[in-house]
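What follows is one structure encoded as structure tokens, with my remarks underneath.
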Protein chains: 2
Amino acid sequence: MVRKSKEDAELTRKRIITAAREVFLSRGVSRTTLEHIATQANVTRGAIYWHFKNKTEIFHAIREQVLLPLIDRMDDSLTLDGNDDPLTQIKKSLCQTIDDLNDNIEMRETYEIIMIKCEYVEDFSEVLQQILENCSSILDKLVLGYQRAQAQNLLACTLSPLALAQDTHLFFSGLLHMWVKDADGSRFRNQAKSLIESHINLRRKH
Amino acid sequence: MVRKSKEDAELTRKRIITAAREVFLSRGVSRTTLEHIATQANVTRGAIYWHFKNKTEIFHAIREQVLLPLIDRMDDSLTLDGNDDPLTQIKKSLCQTIDDLNDNIEMRETYEIIMIKCEYVEDFSEVLQQILENCSSILDKLVLGYQRAQAQNLLACTLSPLALAQDTHLFFSGLLHMWVKDADGSRFRNQAKSLIESHINLRRKH
DNA sequence: ATATATACATACATTCTTGTTTGTATATAA
DNA sequence: TTATATACAAACAAGAATGTATGTATATAT
């Protein structure tokens, strides 16, 4: 078999991306060969070079596949849900991400690759900047949430919404990193929800 | 020149470690060749193979060089300083680590390598376990601190010392990761101290 | 004083990887 | 219906990178 229809081609492209994600996960990005990916995808390197310029481009494709839907959801997450109070909204938003990590294999594997199976050098160092930018936008959303919480007099403390948002953001960054590293789940994955609960309770007036 | 005295040999060993740290930092661990390290250290690969079994062993040597003194200090940090109250002790302990990162080049570079220039696969996956164990011991120290804070009625909230310690631990993990990623310093490095300050103030009764 | 182990440098063989080139069957456009 | 671009497979060439084997000058022990 050689020339496929356009749909077939798109399918092979996705198979390559999936295969790359699997191999990146088990061997790390740097140690992964295009031959490894090709074998896993049941194609030859020829197919890979047809669809992608090089390994870095595959990595970006994997990121986009997970990141784009995520960004879409983030916007909803803190603006919708008019029934919940702002602090509950923040809590649910964080918990939702944990649920996604548990349920969505692609997302979980991609996060794992990004956090502990990739070296941020050369082509990849720009990804760090993108990550920091994503963090900024998450921080903005949190600030909005805490501003509304303050306006509704829900807060137990006098810290500024920005300070609270930064603290929450760092907490959640740490949680995600630990979630990923805690492969057997005993230390963080199983308790993630209750850790979030405590974090929010800490700032809610009782 | 060939056979050196024992002191000379130990010096070359250290030169290799330093060179490896520098090259790991700029090229990432996986993409670093023993030849790269050798060139940077002004030796040949022969010298490296004499002192180390392989690249992984050099990586471990770099980690130990920074980690061993760090563990020693951690024990002091929360037990000494009898004049400060427990919450201030925790705060100072966290700030001390930030100061160390700023002042100690070896430590800073090593952290950066461990967090964003290394892929945790094969030989390196066991390092993840070690990291999680270190986290456990840090958590234990924080729990002790918050227990004393609770005993002295310093806490603004009803959360358990364990929950507070977990929250602080995740906050600080996140902070360290962001500190490392924020190379230009604008987003996290410059504010690290005040972020810690806010985090502690959040739980102090006023 | 001499033997031996040490601390490397140098050379070699083998095994990946990569990028490119070439070949080719077929979808698709004209 | 035929020409052309597509979607790959297969072969090729060149350069790394690794581990090992060998050589060797000299501390150091005896």
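Every value quoted in this text rests on a predicted model; they were computed, and no experiment measured them. Chain identifiers are assigned alphabetically (A, B, ...) following the order of the sequence lines, protein sequences preceding nucleic acid strands; residue numbering begins at 1 within each chain.
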Item to check | Over all atoms of both residues, closest heavy-atom pair of B:Ala61 and B:Ile17 | outcome: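 Looking at all heavy atoms of both residues, the shortest contact is CB-CD1, 3.8 Å.
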
Checklist entry - Shortest non-hydrogen contact from A:Ser198 to B:Leu159? => result O-CD1, 3.5 Å

Under 3.5 Å, which donor-acceptor pairs link side chains of residues 38-52 of chain B to any protein atom two or more places apart or in another chain?
unit_1	atom_1	unit_2	atom_2	d
B:Thr39	OG1	B:Glu35	O	2.9
B:Gln40	NE2	B:Glu22	OE1	2.5
B:Thr44	OG1	B:Gly46	N	3.4

Given atom [atom1] of [X] and atom [atom2] of [N], what is their separation to the nearest angstrom?
X: B:Ile48; N: C:dT10; atom1: CD1; atom2: C1'; value: 15 Å
X: A:Phe52; N: D:dC8; atom1: CZ; atom2: P; value: 11 Å
X: A:Asn42; N: D:dC8; atom1: CG; atom2: P; value: 13 Å
X: B:Asp8; N: C:dA5; atom1: CG; atom2: P; value: 21 Å
X: B:Glu10; N: C:dT6; atom1: CD; atom2: C1'; value: 14 Å

Next on the checklist: Counting only side-chain heavy atoms from C-beta out, which of D:dA9, C:dT10, C:dA7 sits nearest to B:Thr44?
Outcome noted: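 In terms of side-chain proximity for B:Thr44, the closest of D:dA9, C:dT10, C:dA7 is C:dT10.
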
Next on the checklist: Please verify the inter-ring angle class for A:Phe171 with A:His199; under 30° counts as parallel, over 60° as perpendicular, anything in between as tilted.
Outcome noted: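 Ring orientation, 0 to 90° scale: parallel.
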
Verify the contact: side-chain N or O of [X] to OP1 or OP2 of [N], cut-off strictly under 4.0 Å; return yes or no.
X: A:Trp50; N: D:dC8; value: no
X: A:His51; N: D:dA7; value: no
X: B:Thr12; N: C:dA7; value: no

Next on the checklist: Going by side-chain hydrogen bond (donor to acceptor under 3.5 Å, both in side chains), name the pairs with one or both residues in residues 52-61 of chain B, residues two or more places apart or in two chains.
Outcome noted: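 Qualifying pairs: B:Thr56-B:Asp123.
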
Next on the checklist: Taking side-chain hydrogen bond (donor to acceptor under 3.5 Å, both in side chains) as the cut-off, I'd like each qualifying pair that reaches into residues 111-122 of chain B, sequence neighbours left out, listed once.
Outcome noted: A:Ser30-B:Glu119, A:Arg31-B:Glu122

Item to check | side-chain hydrogen bond (donor to acceptor under 3.5 Å, both in side chains) partners for A:Glu197, two or more places apart | outcome: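 side-chain hydrogen bond (donor to acceptor under 3.5 Å, both in side chains) list for A:Glu197, sorted by chain: A:Lys91.
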
Checklist entry - Between residues 58-65 of chain B and DNA chain C, which residues have a heavy-atom gap below 4.0 Å? => result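 Those residues whose heavy atoms fall under 4.0 Å from DNA chain C, taken from residues 58-65 of chain B, amount to none.
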
Checklist entry - When every nucleotide of nucleotides 13-19 of chain D is labelled 5' to 3' by its protein contacts under 4.0 Å (heavy atoms), B for base, S for sugar-phosphate only, - for none, what sequence of letters results? => result ----SBB

Item to check | Salt-bridge criterion met for B:Asp100 and B:Arg108 (N-O under 4.0 Å) | outcome: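 Salt bridge: no.
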
Checklist entry - Where the side chain of B:Arg189 meets the backbone of B:Asp182, is there a donor-acceptor pair that is under 3.5 Å apart? => result yes

